[in-house]
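Here the structure is laid out as structure tokens; the discussion comes afterwards.
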Amino acid sequence: MDINKRTILWIVFSVSLVFLWNEWMISTGKPSMFAPAPTQTAKAPAAKAAGLPAPSASATAATPGAAAVDGAAPFKSEIITITTDVMKVDVDTLGGQIKRLELLNYKAAGNPGWFGGCFGLSEACKSNLDARANEVLFQQNGNKTYLGQTGLVGAPGLPNHNTGFVAKPGVRTLDNGNQVQLVLEAEQGGVKLTKTLTFKRGDYVVDVRHDVTNTGAAPLTPELYLQLVHDGNKPPESSWFNSSFTGPTLYTDADKYKKLSFEKIEKEDKTQKENPGKPFTPDHPTKADSGWVAISQHFFVSAFVPQAKAARDIFTKKVDTNLYAIGVVQPLGSLAPGATVSNTAQLYSGPQNEKALEKVSPGLELVKDYGMLTIIAKPMYWVMEHLHSALGNWGWTIIAFTILIKLVFFPLSAASYRSMAKMKVVTPKMTEIRERYKGDPQKMNQAMMELYKTEKINPLGGCLPILVQMPVFIALYWVLNASVEMRGAPWVGWITDLTQHDPWAILPVLYAISMFITTKLNPQPADPVQAKMMLFMPLAFSLMFFFFPSGLVLYWVVNNVLSIAQQWVITRKYGAAK
């Protein structure tokens, strides 16, 4: 039995070392041992990279627009930059695509390093220590692809996101006004398409309007698509200790919130190719007249919200190697020669701020992922938000909330510590029983039960209260990990971002000290090897906490300090009573 205990403890220790080494690799700019290196997004021909969805049965498949019309000079695209007080957006006149979107009030995720310099081990780490750039959502750079695209399908040659547009003159920067507009026009295939993008002060919502005019001599039934294209790479800051979701999400009134994955889309594409002609139903709703489609990531989201109460087909598809799309197709009805039809939509691209998301569209706030314990986590965040409104600092909010949690669970914790205090007092008697009956397990168990009965000890008394509290602790982890409000939020001195690890490792060291004291206050295991390993565990956990967000470590440090005070008081009281 002793050998089995030692073996299990050494296995736990070895696995911990492997994960710690993996985190060190990630933090110094090297790839994770558990994930493949990022895949380069292939440069596809225009026809393949278009990624246009299959139109409804009533329409003919669309042919992506070319950069040049037969006999005409090649189209020379232009990047139009729109700047507001909260975002800077690059729109390519080739297709009217949103190619880059920079959030001016949010810094990019950076690794602050340890002791202010990463020990000079990694150029990637050093670059992150420079003046951190702003967070960029839409982009097309190296192996990163994230685009917002719209266009028409329903007949050959209609304007789409590969068609050349002309930008109308106008103001490009939001100065003294409250909004700025970008108007793009293209005429192709007997249709004139006018895209109007409206950017507003203090708003992460872009109003997207499409005006479609039939300039031909025959009626048309065009359809409008809105799609988000993203590569399938995992975010570089994601790790085993601080995992985050990046992938397609959607919502409809009928089916509610749905979280997808790039891997799932890849498998569905493979299934379709292996079974050509066979009916296929994707693992998400395909028709609705409400809701939105989005690409969600840690702290941020970009979502197309189509025109309300209008029928749409929802699609996901593989566009190219390691490139995927989610979007909608909306029928615009029959369009007579000379007639114009308009469609309005919204594109939200910004932080996962619950209050802001609720105003944009029902269900959009669900992209803020609290994990499986949302039912507990949401009320927790509500309480923390009210504490923050009074304290004005998220670090002090975490401390105040930890104290509040301790007060709520005081009866359970007190019962646990009383049980552990009694166990500590009778530990010599338990050791004596083990030595006396070490060759007879049955008599040993009988003697132990008699001892518990005589001393009025519940052997599980120290464990059950902890198990009851575990869902709360896990939910709190997700609250701290999912709240963009804490991203970039300082506490005091050296803690300048509660969502990043402690750059001076002070909090992990404080955690190790507090955990060591807590361990010494608890009853010591009879097995000396097990006792030594229990003393080593605080060091192992503190090493893991080197990579945890400092806000989470702060919570555990405060929790341990309060536990030590509570244990000390109860232990002294119990000892005096004896």
Determine whether [X] and [Y] make a side-chain contact, defined as any pair of heavy atoms from C-beta on separated by less than 4.5 Å.
| X | Y | value |
| --- | --- | --- |
| Gln330 | Asn343 | yes |
| Val360 | Val305 | yes |
| Tyr324 | Glu266 | yes |

Worksheet entry | Sequence-distant partners of Lys309, salt bridge (charged side-chain N to carboxylate O under 4.0 Å, His left out), two or more places apart |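 For Lys309, no residue satisfies salt bridge (charged side-chain N to carboxylate O under 4.0 Å, His left out) once neighbours in sequence are set aside.
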
Worksheet entry | Check against salt bridge (charged side-chain N to carboxylate O under 4.0 Å, His left out), Lys168 and Glu185 | CA-CA 8 Å; Lys168 294 295 183 181; Glu185 289 185 349; 3.3 Å; yes

Worksheet item: Who pairs with Lys200 by side-chain hydrogen bond (donor to acceptor under 3.5 Å, both in side chains), at least two apart in sequence or on another chain?
Response: Asp207

Electrostatic pair [X]-[Y], nearest N-O below 4.0 angstrom:
| X | Y | result |
| --- | --- | --- |
| Lys76 | Glu78 | no |
| Glu365 | Lys355 | no |
| Glu485 | Lys368 | yes |
| Lys258 | Asp283 | yes |

Item to complete: Report the C-alpha distance between Asp211 and Lys195 in whole Å, list the side-chain angles of each, state the deciding distance to 0.1 Å, and finish with yes or no for salt bridge (charged side-chain N to carboxylate O under 4.0 Å, His left out).
Response: CA-CA 7 Å; Asp211 295 297; Lys195 294 185 185 184; over 6 Å; no

When rounded to the nearest 0.5 angstrom, what distance separates [atom1] in [X] from [atom2] in [Y]?
| X | Y | atom1 | atom2 | answer |
| --- | --- | --- | --- | --- |
| Ile98 | Ser302 | CD1 | OG | 8.5 Å |
| Leu197 | Leu184 | CG | CG | 6.0 Å |
| Thr286 | Phe315 | OG1 | CZ | 12.5 Å |
| Leu552 | Leu476 | CG | CG | 7.5 Å |
| Phe138 | Lys144 | CZ | NZ | 15.0 Å |
| Asp497 | Trp491 | CG | CH2 | 14.5 Å |

Discussion item. With side-chain hydrogen bond (donor to acceptor under 3.5 Å, both in side chains) as the test, pick out the partner of Thr150 among Gln97, His210, His161, Gln227.
Written reply: His210

Discussion item. Among Ile326, Asn322, Thr246, Leu137, which residue satisfies the side chain to side chain contact (heavy atoms under 4.5 Å, CB included) criterion with His230?
Written reply: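 Going through Ile326, Asn322, Thr246, Leu137 one by one, the side chain to side chain contact (heavy atoms under 4.5 Å, CB included) with His230 is satisfied by Thr246 alone.
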
Discussion item. Checking side chain to side chain contact (heavy atoms under 4.5 Å, CB included) between Phe165 and each of Val91, Ile80, Leu193, Leu94, which is the one that passes?
Written reply: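 It is Leu193; the other options fail the test.
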
Item to complete: Run the numbers on Glu268 and Lys318 for salt bridge (charged side-chain N to carboxylate O under 4.0 Å, His left out), then give the verdict.
Response: CA-CA 9 Å; Glu268 290 180 347; Lys318 180 180 179 181; over 6 Å; no

Worksheet item: Looking at the rings of Tyr106 and Phe300, which for Trp means the six-membered one, are their centres under 6.0 Å apart?
Response: yes

Item to complete: Could you label the plane-to-plane angle of the Tyr251 and Trp292 rings as parallel, tilted or perpendicular, counting under 30° as parallel and over 60° as perpendicular?
Response: parallel

Item to complete: Verify the neighbour count for atom NZ of Lys256: are there more than 12 heavy atoms of other residues, nucleotides or ligands below 6.0 Å?
Response: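 More than 12 heavy atoms, drawn from other residues, nucleotides or ligands, come within 6.0 Å of this atom.
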
Worksheet item: Stepwise, does the salt bridge (charged side-chain N to carboxylate O under 4.0 Å, His left out) test hold for Lys99 with Asp92?
Response: CA-CA 6 Å; Lys99 301 290 285 289; Asp92 195 341; 3.2 Å; yes

Fill in: Short side-chain donor-acceptor distance under 3.5 Å, Thr81 and Arg172
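Short answer, no.
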
